[in-house]
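Supplied in structure tokens, the structure appears directly below.
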Amino acid sequence: MTRDLFDDECSPAPWVQEIGEDAVILRHFAIAQVDALLEDIHNLQDLSPFRRQQTPGGFWMSVGMSNCGSFGWISDRKGYRYVAIDPVTGSPWPAMPDLFYQVAVEAAEQAGFKDFVPDACLINRYEIGTKMSLHQDKDEQDMSQPIVSVSLGLPAVFMFGGQSRQDPVQRFPLFQGDVVVWGGRSRLNFHGVRPLKADLNAPNGQGDVRYNLTFRKAF
DNA sequence: CAGTTCCA
DNA sequence: GGAC
């Protein structure tokens, strides 16, 4: 998709920003669905609460996490893995809301991944000061399927590197409604999120929180 | 090494 | 910012 003069100046329509090989930011892609997505998150957290998790090395991640869909990503001292049962509730993860699934599949298709069938959605809650260090998503079985990441709430700075930890890292601001899709040659690229800052321009407590939905095909 | 790490 |  290309931008015309109108879009370039003032349109809220979505546009595509290439950030690497087989990797794009779909700017404003989910802008019309933001309120409904946030309401879904609000409902989901009652069924499967946000919790901080421990890395295999014993450090506590700062970001609050939950999941929906057939499988959820968890971390503890035993390692990273996908499980069908939420260890906090002892029940299956909540079903993936239809809207989540639709947004993820359409974003993937827009990015050139025609047959994305996500079976897992990790929901990350970033509060002020929290971050996600540079890492790879490599716990999935089928690396031919992309990663789809939806940004909601406060803006954040996304880091996108290469397949090696030593590769240079680019930084991109992510705003509410933006969707990042990476796969193919970028599927195993390192990525992360800089410590979240309060929105100096909206001190009226629009919520000092950022949510990120990360869709994967785990199995 | 998905670290509010730790060091400089 | 880099190393572990």
Side-chain angles (χ1 to χ4, degrees), chain A residues 19-20 23 25 41 44-45 48-69 71-88 93 100 104 118-143 145-174 178-183 186-200 207-219:
Chain A
I19 63 172
I25 300 175
I41 292 172
L44 285 168
Q45 66 181 319
S48 199
F50 289 104
R51 82 293 304 266
R52 291 175 62 195
Q53 307 197 95
Q54 214 166 7
T55 66
F59 298 104
W60 288 95
M61 289 182 274
S62 59
V63 172
M65 296 178 163
S66 186
N67 291 277
C68 63
F71 304 99
W73 185 88
I74 67 168
S75 175
D76 58 25
R77 273 154 295 195
K78 296 178 180 178
Y80 310 133
R81 60 202 181 278
Y82 285 95
V83 295
I85 300 297
D86 177 354
V88 168
W93 301 100
F100 280 30
D119 57 11
C121 174
L122 175 62
I123 308 169
N124 290 157
R125 183 185 62 191
Y126 292 80
E127 297 180 281
I128 305 300
T130 67
K131 66 172 188 180
M132 186 72 73
S133 293
L134 219 54
H135 68 278
Q136 296 170 293
D137 290 7
K138 57 178 183 181
D139 302 310
E140 300 74 29
Q141 191 168 315
D142 184 359
M143 291 299 171
Q145 294 295 301
I147 302 293
V148 174
S149 171
V150 178
S151 291
L152 299 164
L154 287 182
V157 177
F158 181 63
M159 299 182 288
F160 195 69
Q163 298 188 38
S164 162
R165 194 179 280 277
Q166 329 302 332
D167 291 339
V169 176
Q170 302 178 85
R171 295 182 179 198
F172 304 94
L174 291 181
D178 291 348
V179 180
V180 189
V181 182
W182 68 97
S186 292
R187 177 59 179 76
L188 288 173
N189 280 24
F190 279 85
H191 57 282
V193 176
R194 297 288 300 163
L196 191 70
K197 294 180 184 176
D199 192 340
L200 303 176
D208 280 345
V209 63
R210 169 177 187 263
Y211 293 102
N212 182 70
L213 308 176
T214 307
F215 296 90
R216 295 101 174 231
K217 186 174 191 324
F219 292 100

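Just so you know, these numbers use all the heavy atoms, side chains as well, and skip hydrogens, waters and symmetry mates. Note that the structure is predicted; figures quoted are calculated from it, not measured.
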Determine the contact category for A:D139: base if any of its heavy atoms lies under 4.0 Å from a base atom, sugar-phosphate if only primed atoms, P, OP1 or OP2 are that close, otherwise nothing. base
How close do A:N189 and A:Q163 get, counting heavy atoms only, and between which atoms? OD1-CG, 3.4 Å
Without decimals, in angstroms, what is the distance between A:M159 CE and C:dG1 P? 11 Å
Looking only at the side chains, is there a donor atom on one of A:S48 and A:N67 sitting less than 3.5 Å from an acceptor on the other? no
By side chain to side chain contact (heavy atoms under 4.5 Å, CB included) - contacts of A:Q170 (at least two apart): A:F172
Pairs counted as Watson-Crick or G-U wobble with both distances under 3.5 Å: what dot-bracket string results for DNA chain C, using | for bases tied to another strand? ||||
Tell me the interatomic distance from A:F59, atom CZ, to B:dC1, atom P, rounded to whole angstroms. 7 Å
Spacing between A:W73 atom CH2 and B:dA2 atom P, to the nearest angstrom: 8 Å
Is A:R171 close enough to C:dG1 that one of its side-chain N or O atoms is under 4.0 Å from OP1 or OP2 there? yes
Keeping the roles fixed (side chain from A:T130, backbone from A:V63), state whether a donor-acceptor pair exists under 3.5 Å. no
Output the rounded distance in Å from NZ (A:K131) to C1' (B:dC1). 11 Å
Look at all strands and tell whether A:G129 reaches a base, only sugar-phosphate, or nothing, counting heavy atoms closer than 4.0 Å. nothing
Nearest-angstrom distance from the residue atom CZ of A:R52 to C1' of B:dG3: 11 Å
Remember a base hit wins even if backbone is also touched, and classify A:S75 as base, sugar-phosphate or nothing at under 4.0 Å, heavy atoms. nothing
Pick the C1' atom in B:dC7 and in B:dC1, then give their distance to the nearest Å. 15 Å
Student check: side-chain heavy atoms of A:I74 and A:P87 closer than 4.5 Å: yes
I need the CZ-P distance between A:R165 and C:dA3, as an integer number of Å. 11 Å
In whole Å, I'd like the distance from the CZ atom of A:F190 to the P atom of C:dA3. 14 Å
Under the ring-ring contact (aromatic ring centres under 6.0 Å, His included) test, which residues partner A:F71, sequence neighbours left out? A:F219
Without swapping roles, check the side chain of A:R216 against the backbone of A:C121 for a donor-acceptor pair under 3.5 Å. no
In whole Å, what is the span from the CD atom of A:Q54 to the P atom of B:dC1? 11 Å
